[in-house]
Amino acid sequence: MPLSERAQQLIPKAKIISFANWPYQQAAIAVWQQADDQTRYLDDSDLDTIVNLEPDLLVSSQQARKLRDNANSIVDNARQTVLNQFPTIFQPGGDLHPPHRAEACWRDFWNFLRCITYGVAGQQIPYTSAEGLENMRLLYQELQVPLGAMISGLEALKQYSLDYFSDSEKTAITPYFDHLIAVMKKF
């Protein structure tokens, strides 16, 4: 089923990250912005450039790298959690059927984790754009995205991500997940 015209208009506007108020050199912001424009995680070169420009971000950049390096496993585990919690959601008549709807959901999980890593690397909460989130909310309404499953998936992303960190690191990383979960719960 093709996307509605409204959904097609909302998709490019539903960019949830914002670097507008980040207190860093423009050259560092440009690294984040380029990665976001290319819909990709920060690579090692990006993180090294950011740390060279903003040395206080060394630890947070290492944490973002750890999330990035484990993103596929984290997303796969979150997907399995959603499948277990909502076993009929992917079956005919379910909210994420046909399969391309489910694939879009997993892609959103991957992108949510990507945006969280930007926040972690930059030590910025909030890291989201109110306008982008509003457009995402409208898009999710248009597409009838099952918010309960999405929230469950975000909570699973948090759970599986935190497994890679020490207790003190978990305390530092948790607010980045909690921020996105809180704004998504308002949808």
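Side chains of S166 and E169: a donor on one and an acceptor on the other come within 3.5 Å. Checked by atom type, the side-chain pair N84/Q80 shows a donor-acceptor distance below 3.5 Å.
Of the inter-residue distances, the one linking R6 atom CZ with L10 atom CG reads 4.5 Å to the nearest 0.5 angstrom. Rounded to the nearest 0.5 Å, atoms OG1 (T128) and OH (Y118) are 14.5 Å apart. Rounded to the nearest 0.5 angstrom, R107 CZ and T39 OG1 are separated by 10.5 Å. Here OG of S161 is found 8.5 Å from CD1 of I173. Values are rounded to the nearest 0.5 Å. Between the CD atom in Q26 and the CD atom in Q33 there is a gap of 9.0 Å [rounded to 0.5 Å]. The line from CD of E54 to OG of S61 is 11.5 Å long, rounded to the nearest 0.5 Å.
A 6.0 Å sphere centred on CD of Q38 holds more than 12 heavy atoms belonging to other residues, nucleotides or ligands. Environment of CD in E131: sparse, with no more than 12 heavy atoms of neighbouring residues, nucleotides or ligands closer than 6.0 Å. Within 6.0 Å of the CG atom in D37, the count of heavy atoms belonging to other residues, nucleotides or ligands exceeds 12.
Shown here for Q123 and D56, the closest heavy-atom pair between the two residues is NE2-O, 3.7 Å. In plain terms, the two heavy atoms of Q8 and L3 that are nearest each other are NE2-O, 3.0 Å. Listed here is the closest heavy atom pair of A64 and T117: CB-O, 3.6 Å. The nearest pair of heavy atoms linking E155 to I181 is CG-CD1, 3.8 Å. Between R68 and L42, the shortest heavy-atom distance links the atoms NH1-O, 2.9 Å. Across A7 and L143, no two heavy atoms sit closer than the pair CB-CD2, 3.9 Å.
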Could you give the side-chain donor-acceptor pairs of residues 13-20 under 3.5 Å, partners two or more places apart or in another chain?
residue	atom	partner	partner atom	Å
S18	OG	A20	N	3.3

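Side chains of Y24 and L57 form a contact here, defined as non-hydrogen atoms less than 4.5 Å apart. Considering only heavy atoms from C-beta on, T88 comes within 4.5 Å of Q91 through its side chain. Contact of the P146 side chain with the I89 side chain is registered, since non-hydrogen atoms from C-beta on lie closer than 4.5 Å.
Residue pairs meeting the salt bridge (charged side-chain N to carboxylate O under 4.0 Å, His left out) criterion with at least one partner in residues 108-125, sequence neighbours excluded, are D36-R114.
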### Query
side-chain contact (heavy atoms from CB on, under 4.5 Å) between Y140 and M184: does it pass, once the steps are laid out?
CA-CA 10 Å; Y140 276 21; M184 294 288 289; 3.7 Å; yes
### Message
side-chain contact (heavy atoms from CB on, under 4.5 Å), that's the test. Do L157 and F109 meet it? Break it down for me.
### Response
CA-CA 8 Å; L157 286 175; F109 287 178; 4.2 Å; yes
### Message
Determine whether D178 and K158 satisfy the following criterion, salt bridge (Lys or Arg N to Asp or Glu O under 4.0 Å), listing intermediate values before the conclusion.
### Response
CA-CA 8 Å; D178 290 345; K158 173 183 166 182; 2.6 Å; yes
### Query
Does the pair V145 and M150 meet the rule for a side-chain contact (heavy atoms from CB on, under 4.5 Å), with working shown?
CA-CA 8 Å; V145 172; M150 293 304 286; 3.4 Å; yes
### Message
Please determine whether ring pair (Phe, Tyr, Trp, His ring centres under 6.0 Å) holds for the pair W106 and F112, giving the CA-CA distance in whole Å, both sets of side-chain angles, and the decisive distance to 0.1 Å.
### Response
CA-CA 10 Å; W106 312 142; F112 290 147; over 10 Å; no
### Task
Take Q159 and D163, measure what side chain to side chain donor-acceptor pair (under 3.5 Å) needs, and give me the verdict at the end.
CA-CA 7 Å; Q159 172 194 338; D163 286 346; 5.2 Å; no
### Task
Show your working on side-chain contact (heavy atoms from CB on, under 4.5 Å) between L96 and F86 and close with a plain yes or no.
CA-CA 10 Å; L96 291 180; F86 301 89; over 6 Å; no
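Judged purely by atom type and a 3.5 angstrom limit, S152 has no side-chain atom pairing as donor or acceptor with the backbone of G148. Under the 3.5 Å distance criterion, the side-chain polar atoms of S73 are left unmatched by any main-chain donor or acceptor of N70. Under a 3.5 Å cut-off, the side chain of H179 and the backbone N or O of I125 do not form any donor-acceptor pair. Proximity of a side-chain donor or acceptor of Q25 to a complementary backbone N or O of L53 within less than 3.5 Å is detected. Between the side chain of K66 and the backbone N or O of Y164, at least one donor-acceptor pair lies under 3.5 Å.
Residues passing the ring-ring contact (aromatic ring centres under 6.0 Å, His included) test with Y41, sequence neighbours excluded: W110. Among residues two or more places apart in sequence or in another chain, the salt bridge (charged side-chain N to carboxylate O under 4.0 Å, His left out) test is passed with E103 by none. In this view, Y176 satisfies the ring-ring contact (aromatic ring centres under 6.0 Å, His included) rule with no residue, not counting sequence neighbours. Residues passing the salt bridge (charged side-chain N to carboxylate O under 4.0 Å, His left out) test with R137 are E134, sequence neighbours excluded.
The residue from R40, Q34, R65 that alone fulfils the side chain to side chain donor-acceptor pair (under 3.5 Å) condition with D46 is R40.
With ring centers used as reference points, W22 lies 6.0 Å or more from Y127.
Residues L113 and I151 fall within the same hydrophobic cluster, defined by Ile, Leu, Val, Met, Phe, Trp and Tyr side chains chained together at heavy-atom separations under 4.5 Å. Connection of L83 to I74 is established within a shared hydrophobic cluster, with ILVMFWY side chains joined at heavy-atom distances below 4.5 Å, either directly or through further cluster members.
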